[in-house]
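As structure tokens, the structure follows; a few thoughts come after it.
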Amino acid sequence: MRPTPRFLHAIGTGVVLAGVGVLAVAPVAVLGSVALGCWLLVEQFTAVREFRQATNRLDIEITPLRNAAIVDESLSVTVDATLTSPVDSTVDIVVPLPPSAEHDGSIPTLTLYPGETTASRTFSCSFPVAGEFAFPAATVTLRNCRETVTETVPYDPDQRLRIDPRRPRNLHIGQGGERIDAYGEHPAGSGASGLVPEEIRQYVTGDALSQIDWKATARMQSPHIREFETETSRETVIAIDHRHTMDQGPAGQTMLDYAREVALGYARAAESFDDPLGLYAIGDGGITARRRPTGSSQGYRHIRNALHDLKPTQSAGTVTGSTTDRLSRPQAAWSVARELSNDDSAFGQAVAPFLADTEAYVHRVDSDPLFQSIQRLLTETSGEVWLILLTTDTGRNRLRDIASLVASEGGNLSLFLTPQVLFDTGAMDDLTAAYERYAAFESFRRTVARNPRTDVYEVGPGDRLDALLAARRRSRQ
């Protein structure tokens with residue numbers, strides 16, 4: 001409790017009266033000084049009781065128009081202060097905004113005068129960065145009825161806001177140009193926790209109708225069922241690539257923006273199903289963020305915040321995807337080396353030693369930050385892992401190796417690729433050439449998807465892909 005200027009003036013007056021009474025031998029002045037001191041003590045005692053009543057009866061609510069907004073979007077926020085019954089104190093409330101918030105004018109304040117029970121204030125603010133933000137504790141200043149003393153106490157409104165980045169337009173997730181719902185159903189594929197898809201087989205007499213997989217039935221033109229095995233220990237982990245190669249495309253619509261949107265969708269789906277979820281972010285130097293699988297609300301929030309905070313990293317002189325693509329895989333190198341073993345020409349003699357030395361390929365793959373990070377991820381997770389990997393389609397040999405690695409470790413891989421052709425500047429100027437690039441990507445996607453326990457999807461701007469497919473249809477007419 002702090003004295004006000006009025007309180008200090010009263011003390012000063014009492015001291016003067018006491019001094020005059022002593023020097024002038026005037027008992028009345030001394031008695032006046034004593035009476036003034038007693039009055040101040042009573043004021044403090046009364047103020048303590050008033051302040052306690054006010055704090056017990058006070059309720060502050062901060063109510064945003066929406067609990068989620070987009071970066072730089074103006075958001076209306078209302079602050080309501082309520083007393084369950086009138087008090088004799090004056091209550092001043094200062095509502096600070098989160099540190100990153102921007103607003104016009106002064107910090108919002110409200111005042112409840114003696115006898116008043118409600119006060120309200122509406123203001124607008126915006127956030128230049130994405131993430132989850134909590135409103136700091138409001139500052140409540142109490143003044144007693146005669147304004148001789150004040151007290152300041154904090155009040156935590158316990159209000160959070162989620163600020164999402166500007167979303168990429170026309171998000172497409174699919175296979176071969178066909179849109180799919182990648183995370184609209186339970187990740188286990190059954191709608192029940194603890195089950196993992198085992199296999200799809202043809203329906204036979206005696207099978208339960210509830211086991212029929214209608215999508216597989218429509219695709220194969222005959223009834224098929226999906227069998228499940230009980231899940232023992234499966235961890236779901238999102239691995240998102242945010243190397244400099246993911247910084248392709250217009251601002252707010254880069255490969256990383258589209259990959260982030262898919263990752264956030266999986267995070268929301270995992271939280272809705274109470275599925276444990278982990279996160280690995282991979283930059284040019286390797287793993288930049290790691291969140292162990294968690295099923296807590298705070299854990300999901302940390303994962304979303306980490307995804308919102310991702311920025312493309314800078315190249316650290318690592319092997320680029322195009323360089324890795326130019327390296328032959330060991331099997332191809334051995335095959336060509338055998339063919340050249342009997343070639344006595346100058347070309348054959350010069351090239352054969354390089355093709356026979358497959359250690360260069362192994363070294364390049366092992367030093368690739370994405371491959372290294374996936375290796376470490378698999379060693380750090382226990383049991384059967386469901387890996388959701390979001391990256392671009394450059395370094396295709398490396399992606400084949402990652403799919404093989406995950407399958408060899410008994411994991412399940414959902415690979416989401418951002419085709420380079422959908423993000424390159426000027427690629428859409430020649431739709432015929434662009435479609436040929438997309439067709440090559442689709443062929444690669446199908447090849448990787450042949451790995452066991454592997455699903456591969458395309459992610460990108462749907463309008464660009466639609467333009468490619470439409471141009472192809474016109475060319476065939």
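We use all heavy atoms of the structure for the numbers below, so side chains are in, but hydrogens, waters and symmetry mates are not.
By the side-chain contact (heavy atoms from CB on, under 4.5 Å) test, T122 is found to be paired with S76, T78, residues two or more places apart in sequence or in another chain being considered. Taking E271 as the reference, R304 meet the side chain to side chain donor-acceptor pair (under 3.5 Å) condition, with sequence neighbours excluded. The side-chain contact (heavy atoms from CB on, under 4.5 Å) check on S296 picks up T294, Q298, with sequence neighbours excluded. Under the salt bridge (charged side-chain N to carboxylate O under 4.0 Å, His left out) criterion, R121 pairs with no residue, sequence neighbours left out. Not counting sequence neighbours, the partners of R162 by the side chain to side chain donor-acceptor pair (under 3.5 Å) test are D164. Under the rule for a side chain to side chain donor-acceptor pair (under 3.5 Å), D309 has no partner lying at least two apart in sequence or in another chain. Taking S126 as the reference, E102 meet the side-chain contact (heavy atoms from CB on, under 4.5 Å) condition, with sequence neighbours excluded. Here R290 pairs with E380 under the salt bridge (charged side-chain N to carboxylate O under 4.0 Å, His left out) rule; sequence neighbours left out. Shown here are the salt bridge (charged side-chain N to carboxylate O under 4.0 Å, His left out) partners of D156, two or more places apart in sequence or in another chain: there are none. Not counting sequence neighbours, the partners of E73 by the side-chain contact (heavy atoms from CB on, under 4.5 Å) test are R66, A69, I70. Every residue two or more places apart in sequence or in another chain was checked for a salt bridge (charged side-chain N to carboxylate O under 4.0 Å, His left out) with R376, and none qualifies.
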Derivation of the side chain to side chain contact (heavy atoms under 4.5 Å, CB included) call for L415 and V448: CA-CA 9 Å; L415 179 59; V448 178; 4.1 Å; yes
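In this pair, Y266 and F416 present their aromatic rings perpendicular. The plane angle is above 60°, beyond the 30 to 60° band.
No hydrogens or angles considered: a donor-acceptor pair under 3.5 Å links the side chains of T391 and D241. Checking D257 against T254 by side-chain atom types alone, a donor-acceptor pair falls below 3.5 Å. A donor and an acceptor atom, one from each side chain of Y280 and R292, are located under 3.5 Å apart. Judged purely by distance below 3.5 Å, without hydrogens or angles, the side chains of S414 and D455 never pair a donor atom with an acceptor atom.
Applying the salt bridge (Lys or Arg N to Asp or Glu O under 4.0 Å) rule to pairs touching residues 415-425 yields D424-R437, sequence neighbours excluded.
In this structure, R398 is not positioned above the aromatic face of F371 in the sense of NZ or CZ being under 6.0 Å from the six-membered ring centre and within 45° of the axis.
Residue I388 is tested with L413, N412, L279, T236 for a side-chain contact (heavy atoms from CB on, under 4.5 Å); the sole match is T236.
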